[in-house]
Amino acid sequence: WVGDQFAVILPGIGKTAAFAVAEKLRSAIGEGAFTVQTGGYTGDVGVTASLGVAAASAALNDARELLEAADVALHEAMNAGKDRVHLAPG
């Protein structure tokens with residue numbers, strides 16, 4: 001299953017702190033489970049999250065480029081096995 005994507009903007013937060021926030025978010029999401037009833041099946045379904053983190057810098061200060069860097073990092077996290085946080089270079 002592929003879920004939705006969203007962005008979280010953390011003004012004044014460096015990449016190390018942003019990575020820590022993303023990891024806390026990933027962990028909190030992973031603690032949730034939902035009971036599903038469909039087609040005669042009833043059971044708990046776990047939830048995971050893959051997150052990409054990018055931080056503004058002198059070289060990366062355009063909003064579009066920043067979102068693209070975070071998106072690339074997100075897809076790298078997903079391709080590396082999902083349920084993880086990946087930091088964009090820079």
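None of the values given here were measured: they were computed from a predicted structure.
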Do you know which two heavy atoms are closest between [X] and [Y], and how far apart they sit?
{"X": "H86", "Y": "E76", "answer": "CE1-OE1, 2.7 Å"}
{"X": "V53", "Y": "A18", "answer": "CG1-CB, 3.8 Å"}
{"X": "A69", "Y": "A88", "answer": "O-CB, 3.6 Å"}
{"X": "I9", "Y": "P11", "answer": "O-CD, 3.3 Å"}
{"X": "A49", "Y": "I29", "answer": "CB-CD1, 3.8 Å"}
{"X": "L60", "Y": "A55", "answer": "CD2-O, 3.8 Å"}

Working to the nearest 0.5 Å, report the span between CG of L66 and CZ of R64.
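So the CG of L66 and the CZ of R64 are separated by 12.5 Å.
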
Nearest 0.5 Å please: distance from the CZ atom of R84 over to the CE atom of M78.
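CE of M78 is found 12.0 Å from CZ of R84.
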
So does D83 get a backbone contact from the side chain of S50, meaning a donor-acceptor N/O pair under 3.5 Å?
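Pair found, side chain donor or acceptor close to backbone of D83.
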
Using modelled atom types and a 3.5 Å cut-off, is there a donor and acceptor pairing between side-chain atoms of D71 and backbone atoms of L67?
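Not a single qualifying donor-acceptor pair exists.
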
Can you find a pair of side-chain heavy atoms, one from F34 and one from V47, that are under 4.5 Å apart?
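Yes, their side chains come closer than 4.5 Å.
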
If you group Ile, Leu, Val, Met, Phe, Trp and Tyr by side-chain heavy-atom gaps below 4.5 Å, do V72 and F6 land in one group?
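Shared cluster, no.
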
Criterion side-chain contact (heavy atoms from CB on, under 4.5 Å) against L51, the qualifying member of V85, V21, L74
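Of the listed residues V85, V21, L74, the side-chain contact (heavy atoms from CB on, under 4.5 Å) partner of L51 is V85.
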
